[in-house]
Amino acid sequence: MIPALEYRTPESLEEALDLLERHGEEAKVLAGGHGLIPALKLRLAAPRVLVDLRRVPGLSSIEPLPEGGDGFVVGALVTHREIEVSPLVRARCPLLAEVAGAIGDAQVRNFGTLAGSLCHADPAADYPAVLLALDAEAVVASRRGERRVSAGELVQGVFETALEPDEIVRSVRFPGPHFAAAAYSKARQAASGFALAGAAAHLKLDGRRATDIAVGITGVAARPFRAAGVEDALRGQELSPEAVEAAVRGLAAGRELTSDIHASAEYRARLAEVHAKRAILRAAERGSAGA
Amino acid sequence: MPKWPESRQIMGTKVARLDGALKVSGKAKYSYDRNLPGLLHAKILRSPHAHAKIIQIDPESVKGLPGDKAVHLIKDAGSELHYAGDEIAAVAAETEEQARDAVRAMKVKYQVLPHIASEEQALKQGGDVVKAPNVSQGGDVEAAFKEAAATIEGTYGAAVITHVCLETHGLVAHWRAPDDLVLYASTQAVGATADGVRGHFKDVPNLKVVCETPYMGGGYGSKFGPDIQGLVAAELARKAGKPVKLMLERDEEHVAGGNRPSAYAKVKAACDDQGVLTAFQAETWGTGGNSRGAGFPLPYVYAPKNFQRKHTDVMVNAGDARAMRAPGHPQGSLIMEQVMDDLADKLGMDPVELRVRNLPETNRTFQTLKPIYRRELHLGAERIGWFERRRPRGHRSPGPIQRGFGCALGTWGGAAGGSQSTCKIYPDGRVEVLCGTQDLGTGTTTIVPMVAAEILGLEVNDIEGRIGSSAYPPSGGSGGSTTVGGVSLSVAMASRKALGKVFAKAAAALGVQAADLEAEGGRVFVRATPQNGLTWKQACALLGQETISESADKDEGRGMSDQGVGGAQFAEVTVDLETGAVRLQKLVAVADCGLVVNRLLCESQVYGGVIMGINYGLFEERRLDRASGLQINPDMEWYKLAKPADLGEIEVHLLDYPERGVIGIGEPPTIPTAAAIANAVCNAIGVRVSSIPLTPAKVLAALAAKTEPKNGQGKG
């Protein structure tokens with residue numbers, strides 16, 4: 001049961017921001033509800049005011065960036081399913097469509113939103129690996145103005161973000177450029193489908209050589225991270241299975257890893273290596289197939 | 001001796017569950033669905049501590065809370081609580097939520113005591129929690145080891161799992177009058193449940209108790225009596241003067257509804273150069289909770305001349321074990337069959353061949369199953385592609401995915417259990433068959449009219465079967481796979497006796513002897529001149545005002561059932577060497593159960609048993625928190641069962657032995673599944689994972705512990 005609260009459905013972003021300014025810490029923003037509603041039921045969150053964004057216009061579309069290129073911006077109410085099937089996303093950044101399709105199940109994908117998932121900051125969420133690998137940014141609005149926060153900066157810890165109580169993520173920006181050599185690989189928790197470990201690889205290829213590489217990791221620690229060691233080891237290199245195998249070894253070393261009923265820290269570390277390797281090799285394969 | 005009809009029209013065919021449509025449409029009323037006028041809801045206060053003593057308890061503390069109607073204390077101040085979930089008190093209120101709030105509000109002072117949360121901890125601590133070992137032996141193992149051609153040593157084990165009945169334990173108790181109580185209980189024994197509650201209320205003279213269970217959602221051995229919640233619901237209903245529903249929540253079901261004990265073994269075994277098992281030495285242990293044992297049969301199936309076994313029960317602060325689908329046998333098969341595979345590997349012999357060479361001539365309990373096992377092993381091997389596709393243990397293919405094959409055997413009794421039935425035939429041709437048995441989801445509701453229709457020469461739909469009430473002629477609890485045998489026999493014999501009465505009337509009308517008559521195809525006719533006869537309705541009309549009512553006990557059908565079944569299963573798995581993930585690709589189950597009554601339901605039992613076995617082998621484990629002693633996965637999310645996509649392909653083969661009569665099949669098919677999977681995984685990765693469930697992390701750890709692959713071709 002959810003403890004009694006005040007439920008508000010603002011008709012504009014300004015109205016929503018007003019509510020947040022007024023209620024501060026006592027208010028919570030609701031989009032798809034797939035993180036927040038369970039948290040309310042478990043009484044992990046107990047806001048006094050719930051600000052439901054569903055009637056706010058202008059948050060439900062995926063638009064190309066006005067400055068050109070292959071960048072685009074995803075509104076706060078866009079669902080995983082909409083991303084998964086969006087022709088624009090599939091054409092410009094198949095990796096994002098791929099990760100959206102790997103989330104939970106069809107019901108979850110029909111309701112949950114990208115921005116909501118990011119703000120919920122579940123350490124086992126899939127998106128952060130990809131958002132980090134793509135250098136995506138959250139566009140954050142408040143009565144005080146607007147700012148951009150990188151995905152890696154936004155997620156601070158377990159259910160912890162860099163958002164101020166009066167701020168709303170109005171959209172998520174994917175600046176581009178996006179390459180065909182990209183893949184996401186994950187180990188699913190058997191019941192929920194959440195990532196025990198997930199790895200996203202985004203490569204700029206010159207033949208079999210990676211002229212640039214970004215690898216985002218989620219699920220294994222309180223915060224998602226870029227596997228900088230792996231990136232450094234492989235940047236400028238031929239992506240042979242042996243080279244990748246050697247590069248991913250120990251990628252989580254030195255980090256404090258999650259250990260719980262689903263997987264020990266050691267097992268998560270191993271999964272992170274395996275899925276990083278698989279994501280990189282699959283990305284390379286896709287890149288060379290498309291070349 | 002009575003016999004089954006030589007040519008059977010209905011028995012052995014596939015008849016869909018008669019209540020299938022009611023179940024899938026939600027019209028079937030389970031205990032959960034009994035919402036009587038004025039119904040109250042009860043909840044049980046359970047120990048929040050793994051081990052504690054109640055210092056003080058104040059039942060008055062919930063009086064006057066919203067909706068509160070009655071309180072019943074299960075334990076008093078001074079009582080010891082043996083596990084987190086141990087019952088303390090119960091409250092009935094107008095709504096479930098109010099009952100839950102009231103239970104939460106109950107003032108109890110505990111003295112927390114030290115607890116034990118694992119077998120290792122108990123063994124380390126010793127004392128009362130480690131029972132005196134049970135030793136059994138025969139022959140001379142030490143001498144046999146000296147002469148052995150191959151000797152292996154290994155550690156094998158299985159975690160505690162719970163029954164996870166889809167319908168939890170519980171009931172609705174309704175006092176229709178001060179001496180008339182009806183229970184709508186989820187139970188495997190309507191008779192024993194009614195008797196148990198009647199025995200509890202000794203203060204009520206001439207108390208009539210009836211238990212009604214027309215439908216129930218699974219028991220697997222955990223639902224044989226009224227249980228604490230049965231007595232508590234009846235007590236609360238009497239105090240409140242209203243019907244009370246008390247169904248366990250999922251977490252209560254996990255912690256207090258019973259479980260299968262753990263089983264661990266250190267084994268040393270040896271065979272001669274022909275692969276014949278010559279010595280078997282095992283030290284075994286396990287826990288059945290805070291007061292129950294963890295025994296299981298070992299050696300299993302095979303009968304080594306020289307054996308020595310020492311078994312130790314250890315106690316932990318957890319809910320007690322209860323019978324669970326073939327109690328002890330899955331553990332016995334798991335350990336024994338891994339040992340057999342390890343011996344075959346050591347000797348370089350095919351594991352199927354090694355098994356064939358060790359099939360016992362005499363089974364300790366039943367007649368020899370040797371020819372049946374041989375048939376089962378050969379059919380199963382053929383169906384899984386054993387001889388063409390299986391590679392020796394530890395063979396490596398390129399890439400991270402390795403394929404493996406394994407097999408295992410099981411055995412069970414399945415004799416006819418106690419059962420009585422009454423067959424009533426009315427002058428209008430209506431037939432009613434009454435039997436105080438119950439349908440756990442196994443299909444007894446369909447079996448009863450099938451058997452009666454076979455004997456009476458009618459269609460299944462012509463028979464009104466009445467089961468699931470203790471008001472009907474007593475039939476035993478459904479355990480030990482004894483229901484189908486007992487019920488088939490008592491129904492057949494009652495029907496045969498009732499038919500005899502019809503024959504007597506028809507014989508007079510047709511001017512022949514009753515012995516000359518036959519009933520088939522909805523007619524009663526003269527065997528020699530089939531055109532000379534009556535329709536069933538015409539024959540029954542001869543009864544006039546009389547209704548036939550004939551009862552029989554299953555013992556009258558002696559010879560129409562048997563006991564002792566074998567069973568062989570073969571598993572094909574793939575294992576990802578990088579992640580440790582095991583995927584069951586295919587499982588072939590070959591089962592025998594004498595005369596098959598309903599092929600569809602029988603196959604369904606085998607599928608169900610296999611699925612439970614897959615869960616046992618790959619997924620299930622009750623996990624206790626070391627620090628608090630609380631179960632950390634008392635739900636169906638973290639206590640994960642297989643989804644359909646996790647199961648792989650399951651292929652079922654029923655061997656027919658109609659000459660043996662009816663034998664139960666509910667338990668045997670779950671016995672060898674986990675063992676076959678464990679052997680397949682070992683075949684795939686070349687190393688033993690020491691205990692089930694075979695989780696990815698355990699598989700990886702086992703691989704990491706290995707130095708170099710024995711038969712490997714270098715890097716995988």
Side-chain angles (χ1 to χ4, degrees), chain A residues 1-4 38 41-43 104-108 122 124 185-199 219-220 240-242 244-246 248-252 257-282 285, chain B residues 95-98 100-101 104 159 164 250 398-401 575-583 614-615 618-628 630-647 693-705 714-716:
Chain A
M1 280 165 294
I2 298 173
K41 283 186 180 168
L42 294 168
R43 307 198 181 183
D105 52 37
Q107 286 104 318
V108 169
D122 190 311
S185 182
K186 75 189 272 199
R188 295 170 68 91
Q189 197 274 318
S192 65
F194 271 105
L196 290 175
V220 300
S240 69
E242 293 73 24
V244 176
E245 171 90 53
V248 298
R249 202 157 295 155
L251 75 80
L257 300 186
T258 309
S259 192
D260 59 22
I261 181 170
H262 306 306
S264 66
E266 298 77 42
Y267 185 54
R268 275 195 165 84
R270 177 74 188 133
L271 287 177
E273 294 171 4
V274 169
H275 287 282
K277 178 178 91 177
R278 290 182 180 182
I280 294 166
L281 290 175
R282 199 179 304 153
E285 205 173 293
Chain B
T95 68
E96 264 193 275
E97 291 79 4
Q98 287 167 342
R100 219 174 276 146
D101 281 346
R104 216 177 277 146
V164 203
R250 182 55 58 190
I401 307 294
V575 185
D576 185 329
L577 294 181
E578 292 181 342
T579 64
V582 177
R583 265 202 79 77
I614 294 169
N615 279 309
L618 294 179
F619 302 114
E620 287 184 85
E621 180 174 10
R622 180 193 70 190
R623 297 178 65 172
L624 300 179
D625 178 46
R626 202 170 315 164
S628 67
L630 269 58
Q631 186 180 347
I632 49 178
N633 57 349
D635 52 35
M636 289 180 75
E637 181 182 0
W638 290 9
Y639 188 105
K640 184 70 183 82
L641 298 176
K643 302 186 290 284
D646 298 323
L647 293 174
L694 302 168
T695 61
K698 278 201 242 173
V699 170
L700 276 194
L703 280 166
K715 200 159 171 276

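So that the names make sense, note that chain A is the first sequence line, chain B the second, and so on, each numbered from 1. Quick caveat: nothing in here was measured; it's all calculated off a predicted structure.
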Novice: With a 6.0 Å cut-off (strictly less than), is the heavy-atom count around CZ of B:Arg626, excluding the residue itself, greater than 12?
Specialist: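 No - once you tally the heavy atoms of other residues, nucleotides and ligands closer than 6.0 Å, there are 12 at most.
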Novice: Does B:Pro400 reach the side chain of A:Arg278, with side-chain heavy atoms less than 4.5 Å apart?
Specialist: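 B:Pro400 vs A:Arg278: side chains touch.
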Novice: With a strict 4.5 Å heavy-atom criterion, list every residue of residues 190-199 of chain A that contacts chain B, or say none.
Specialist: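 A:Ala190, A:Ala191, A:Ser192, listed by number.
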Novice: Please determine, among B:Lys643, B:Glu637, B:Arg623, the option with the most heavy-atom pairs under 4.5 Å with chain A.
Specialist: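 Counting heavy-atom pairs under 4.5 Å, the top option is B:Arg623.
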Novice: Can you find a pair of side-chain heavy atoms, one from A:His262 and one from B:Lys640, that are under 4.5 Å apart?
Specialist: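 Side-chain contact under 4.5 Å: no.
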Novice: What heavy-atom pair brings B:Glu578 and A:Arg270 nearest, and what distance separates the two atoms?
Specialist: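 It is O-NE, 3.5 Å.
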Novice: Identify which part of B:Asp646 has an atom lying under 4.5 Å from any heavy atom of chain A, answering side chain, backbone, both or neither.
Specialist: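 Neither part; nothing is under 4.5 Å.
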Novice: For B:Glu621, check salt bridge (charged side-chain N to carboxylate O under 4.0 Å, His left out) against everything at least two apart and list the hits.
Specialist: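 Not a single residue meets the salt bridge (charged side-chain N to carboxylate O under 4.0 Å, His left out) criterion with B:Glu621.
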Novice: Can you tell me which portion of A:Leu271 sits under 4.5 Å from chain B's heavy atoms? Options are side chain, backbone, both or neither.
Specialist: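 The answer is the side chain of A:Leu271.
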Novice: If you look at every heavy atom in A:Tyr267 and B:Leu700, which pair is closest and at what distance?
Specialist: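 Nearest heavy atoms, A:Tyr267 then B:Leu700: CE1-CD1, 3.4 Å.
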Novice: With a 4.5 Å cut-off on heavy-atom pairs, point out which of B:Asp576, B:Asn633, B:Leu641 contacts chain A the most.
Specialist: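 Among the listed options, the one with the most contacts to chain A is B:Asp576.
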